[in-house]
There are 2 protein chains.
Amino acid sequence: METSADNFFFGLLPFTVYFRIMPATIKDIAQSLGISPSTVSRALNDHPQIKDETKKAVREMARKLHYSVNQAASGLRTNKTFSLGVVVPQISNYFFSSVLGGMQKVASENDYQLLICQTNEKEDEELRYVQSLVSGRVDGLLMSISQETQNFDRLAEILSDTPVVLFDRTSEKIPTIHVEAEDYRGAYLATRHLISRGPGKIAHLGGPRKLTVSQNRLRGYKDALEENNISFDPGLLAHCEFDIKKVPEAVDKILAAHPEVKGIFAVNDEIAIEAILALKKKNIRIPEDIAVVGFGDYPIARIVEPNLTTISHYPAKIGERATHHLLKLINHREEAAVMKEVIPCELINRDSA
Amino acid sequence: METSADNFFFGLLPFTVYFRIMPATIKDIAQSLGISPSTVSRALNDHPQIKDETKKAVREMARKLHYSVNQAASGLRTNKTFSLGVVVPQISNYFFSSVLGGMQKVASENDYQLLICQTNEKEDEELRYVQSLVSGRVDGLLMSISQETQNFDRLAEILSDTPVVLFDRTSEKIPTIHVEAEDYRGAYLATRHLISRGPGKIAHLGGPRKLTVSQNRLRGYKDALEENNISFDPGLLAHCEFDIKKVPEAVDKILAAHPEVKGIFAVNDEIAIEAILALKKKNIRIPEDIAVVGFGDYPIARIVEPNLTTISHYPAKIGERATHHLLKLINHREEAAVMKEVIPCELINRDSA
DNA sequence: CTGAAAGCGCTTACAG
DNA sequence: CTGAAAGCGCTTACAG
C-alpha cells in the first residue's frame, strides 16, 4: 500500500521547463511557399478564386508547420468569435448539466464553442459574467436567470446589443427568444394524475416564488384542481425554495393543516424524493396513503423506493433548441423575434403515484 | 389550460430588428475626453504613471459609454486570453459537472473564464477540441482523457507547447501536472471495510480496463485482499465499462461462480446501485447476505435503499486544485513540473455495508 | 488568380 | 505624466 504521504504531492519528477514555441502564422506559411500572406489566408478559407494547386500546397505546409488560425486575430478582424456564452445558476446540477450537454452538441456541430459561467444564483456575479462575455468574447449568449435577480434593466440594456436566448429561467423583461419546458402543462398532467387516483386533497411543494418556472408549475397545479372542481386551498401549498432541507418542515406543515391529504405534487424530483423520505420516516405508505409526483425525471427518480412518478422535460432538448435559435439569431440577425418555444413534457408513470 | 399547439411555437410577438450598436472603443473615450488613446488604455489598466484625476475621468467616461475592453484585440496584443479550456468526456455527469463547478470557482476568482468542451469519449473529437482550444483561444488546458483515446503522441505534441493539467483520467504519456482522486486508497478502504465485516469472498465490479482510474481502484481492491491474506480470484472480478446495463449480467456471472460471495466493491456508485437493484430483485438481502460499497458519493447514494456505503472523493476539490495548478503554470511558467496531486478520499459509512 | 495595403482595437516601448 | 507610432495576426476591398 502507498504511504499516507500520498495524500499530498508525490513524485516530483524531473523538471520540465516550458517555453511556448511561437505558433506558426500565415506569414510563416507564405514565406516557406514564396507567396503572399493574402493568398495563404484565402487558400486556408477556401476562397473560390484560388487555384486548387495553391490551396493544396498551402494546406500541406500549414499541416507541416502545425499551423492553426489565431482566433483572436481573426475575431478582431471579422467581429466573429465562434464562441457562445452560457450563463447558468449552477453547473453541477442534473438539469443544467444536461442542458449544457445539449448545447455543446449543437454548438459543436456548427463549429462553435461554449464559454460557460456559473452565477451561483447571485445577481452581481451574473451581471459581471454577462458584461465580460459580451465584451467581444462571444457572438451570442445563452442564459438562465439567477434566482436572486431583481433588476432586469441593466441586463436588458447590455443584452439589447447582443443576440441572446433565454432558457428555463426566463423573464419577459428581456424581450427575446425564450426556450422553456412545458412547465404549465407538466404540472397540470402531474396534478391530474394525482386527482385521477380517487377523491382527496392534493398538496403542492412549490419552488422559489420569483421564478417563472415555479409560477408556471403552480398555475398548472391550480388549473388541474379547478378543472376537477376542487377549490385551491393555500394550506395545501408550501414553498421550499429548491432547498431540500426545508422539505420535512413543509411536509409537516401540510400534514398538520390537512392530515387527510392524499397526494403531493412537488416542483422537482429532489423535493419530491425528500418528501418521500420524510413521509416514510413517519411510516406513511407511498402511494397507498399519500401519492407523490415529482418533476424532472432525474436519475434518482428510478432509484428511490417507491420509484418516483414524475414529469420528464428533456433538458438536453432544451439546450439543443436554445442553441439552435441562438445560432439562427446570430446568422440572420434581421429575423430575430420575440417568441417562446415550449419543449413538450411527458408523465413518466412509476410507483409513487 | 393552454392548447396543445403550445407544444411548439407560440406568441410570435412584435418583431424586434436587432442591429448591433458598435461598442465603444478606447478611441471613443479618448475623443470625448480630448486625450490620447494611449492614456485611456493606461488609465483603464491602472498604470501607476497616470494621474488619479485622469484615471477618474476615463473611468467615468468608460461607464458612460458602456465601454468594455475588446478581449480579442487585447488578447492579440498581449497573447493572453484569460480563458482556460476544459476538455471532459461528458458534462452531464455527476462527477464531471461537480469538477466543473470547482474549476469555475477558482477560475472566476482569478478573472479567468472557462471554455468547456465535451468529447463524448471519442478520440477524434478530443483531438479536434484540443487543437481548436490551443489555437489562441486559451491560456491553458484542463483535461480528462476520453476512454477511447489510444494514441497519445499527437496529443502530447500539441500539448507540449501549452500549459496543461490533467485530472481524473490521466496518462503518463502526457508528462505534466496530474490531479487525481485517491483512487487506490479509496478502493483499499472500501475493500478493507467489506473484509472487516467478517470472513467471506469479496467481489469487484470494475470499470473500463484502459482507464488508470479503474486500474488504481482494482489495485486497491487487490492489495486490501492481499494484506488480509485473501488470494485474488479472477472469478470474483467483472468489468462493466461504466455501463449500468451490463451490471445485472456481471452480478449473475459472479454469483454463478461464487454463490457464497458476501461483499461487492463497485468501481462507482452508479454501478454499485445497479448491483443493489439486481441483488434485491433476486431477494438477496443487503447488507446481511451481500454487502455493497460504491465509489463517488453521488447524490443517489443517500437515496437508494439501503443507503449506499461509499467512498467520497470530492470532485469539486479536484476541479479547484487542477485549476489552481494550471494558473500557477500559466503565471510562472518556469516552475512547471511533472507531478501528481492526489486528493484524499474518505469512507462514508451508510447502510449497504 | 494573386499581391500590397489598410485596418480591426488594443498595448507598450520610445520619446518628450 | 502623456502622446505618437508600431505592431499583434488576420481578412478583404482594391488593383492588376
Side-chain angles (χ1 to χ4, degrees), chain A residues 20-59 61-62 65-83 111 132 134-139 161, chain B residues 20-59 61-62 65-83 111 132 134-139 161:
Chain A
R20 173 100 84 148
I21 298 156
M22 277 323 292
T25 71
I26 248 178
K27 220 170 128 194
D28 297 325
I29 299 178
Q31 243 152 24
S32 358
L33 251 34
I35 58 178
S36 80
S38 324
T39 305
V40 172
S41 173
R42 291 198 185 94
L44 254 15
N45 292 311
D46 207 16
H47 187 107
Q49 279 181 9
I50 299 291
K51 254 195 305 194
D52 280 356
E53 202 187 312
T54 315
K55 284 184 187 170
K56 218 185 119 204
V58 167
R59 283 183 195 137
M61 186 55 73
L65 300 180
H66 292 163
Y67 171 81
S68 62
V69 69
N70 180 321
Q71 299 287 349
S74 155
L76 178 58
R77 193 49 233 263
T78 59
N79 235 337
K80 286 278 292 175
T81 65
F82 287 97
S83 296
D111 290 318
S132 150
V134 161
S135 69
R137 282 178 178 279
V138 298
D139 296 340
D161 301 344
Chain B
R20 173 99 84 149
I21 297 156
M22 277 323 292
T25 69
I26 248 178
K27 222 171 127 192
D28 297 325
I29 299 176
Q31 243 152 25
S32 1
L33 251 35
I35 58 177
S36 79
S38 324
T39 305
V40 173
S41 172
R42 290 199 187 92
L44 256 14
N45 292 311
D46 207 17
H47 187 108
Q49 280 182 7
I50 300 290
K51 254 195 304 194
D52 279 355
E53 203 186 312
T54 315
K55 284 184 188 171
K56 218 185 120 206
V58 167
R59 281 182 199 141
M61 185 55 73
L65 300 180
H66 293 164
Y67 172 81
S68 63
V69 68
N70 181 321
Q71 299 288 350
S74 154
L76 179 59
R77 194 49 233 263
T78 59
N79 235 337
K80 284 279 292 175
T81 64
F82 287 97
S83 296
D111 291 318
S132 150
V134 161
S135 69
R137 282 178 178 279
V138 299
D139 296 341
D161 301 344

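Proteins get letters first, then strands, A, B, ... in listed order; numbering begins at 1 in each. Atoms considered below: every heavy atom in the structure, side chains included; atoms not considered: hydrogens, waters and symmetry mates.
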Q) Does some side-chain heavy atom of Leu44(A) sit less than 4.5 Å from a side-chain heavy atom of Val69(A)? A) no
Q: Answer yes or no: does a side-chain N or O of Ser36(A) lie under 4.0 Å from OP1 or OP2 of dG3(C)?
A: yes
(Q) Can you confirm whether more than 12 heavy atoms, excluding those of Lys27(B), are under 6.0 Å from its NZ atom? (A) no
Q.
Mind checking if Thr78(A) touches a base, just sugar-phosphate, or nothing, with heavy atoms under 4.0 Å?
A. sugar-phosphate
(Q) Between Pro23(A) and Asn70(A), is there a side-chain heavy-atom distance shorter than 4.5 Å? (A) no
Q: Could you check which nucleotide pairs with dA15(D) in any of the strands shown, counting Watson-Crick or G-U wobble with both distances under 3.5 Å?
A: dT2(C)
Q: Measure the distance from CG on Leu44(B) to P on dT12(C) and round it to the nearest whole Å.
A: 13 Å
Q | Protein-nucleotide distance (Asn45(B), atom CG; dA13(C), atom P), rounded to Å | A | 13 Å
Q: Output yes when a side-chain donor or acceptor of Ser41(B) lies under 3.5 Å from a complementary backbone atom of Pro37(B), and no otherwise.
A: no
Q. According to a strict under-4.0 Å criterion, is Thr39(B) in side-chain N/O contact with OP1 or OP2 of dG3(D)?
A. yes
**Q.** Spacing of Ile26(B) atom CD1 relative to dG3(D) atom P, expressed in whole Å
**A.** 13 Å
Q.
With nearest nucleotide decided by heavy atoms, which residue, Lys51(A) or Ala24(B), maps closer to the 5′ end of DNA chain C?
A. Lys51(A)
(Q) I need the CG-C1' distance between Leu65(A) and dG9(D), as an integer number of Å. (A) 15 Å
Q: Can you tell me the distance, in whole Å, between the CD atom of Gln49(A) and the P atom of dA13(D)?
A: 11 Å
(Q) Taking any heavy-atom pair under 4.0 Å as a contact, classify Ser41(A): base, sugar-phosphate, or nothing. (A) base
Q) Considering heavy-atom distances to DNA chain D, does Val40(B) or Ala73(B) have its closest nucleotide positioned more toward the 5' end? A) Val40(B)
Q. At under 4.0 Å, does any side-chain N or O of Ser38(B) touch on OP1 or OP2 of dA5(D)?
A. no
Q) Quick one: Leu76(B) CG to dG9(D) P, roughly how many Å, whole number? A) 7 Å
Q. Where the side chain of Asp139(B) meets the backbone of Thr81(B), is there a donor-acceptor pair that is under 3.5 Å apart?
A. yes
Q. Nearest heavy-atom pair of Ile29(A) and Tyr67(A): which atoms, and what distance?
A. CD1-CG, 3.7 Å
**Q.** Integer angstrom distance from the P of dC14(D) to that of dC10(D)
**A.** 24 Å
Q | Selection from dC1(C), dA13(C), dC1(D) that lies nearest to any side-chain heavy atom of Arg42(B) | A | dA13(C)
Q. So, are Arg59(A) and Asp52(A) salt-bridged, with charged N and O less than 4.0 Å apart?
A. no
(Q) Near DNA chain D, counting only heavy atoms under 4.0 Å, which residues of residues 27-35 of chain B show up? (A) Ile35(B)
**Q.** Atom-to-atom span, NE2 of His47(A) to P of dG3(C) - whole angstrom
**A.** 13 Å
Q) For the side chain of Tyr67(B), counting heavy atoms from C-beta on, which of dT2(C), dT2(D), dC10(C) is nearest? A) dC10(C)
Q. Between the main-chain N or O of Thr25(A) and the side-chain N or O of Asp28(A), is there a donor-acceptor pair closer than 3.5 Å?
A. yes
Q: For Asn70(B) and dG9(D), give me the distance from atom CG to atom C1', rounded to whole Å.
A: 14 Å
Q: Using a 4.0 Å heavy-atom cut-off across all strands, classify Ser74(A) as base, sugar-phosphate, or nothing.
A: sugar-phosphate
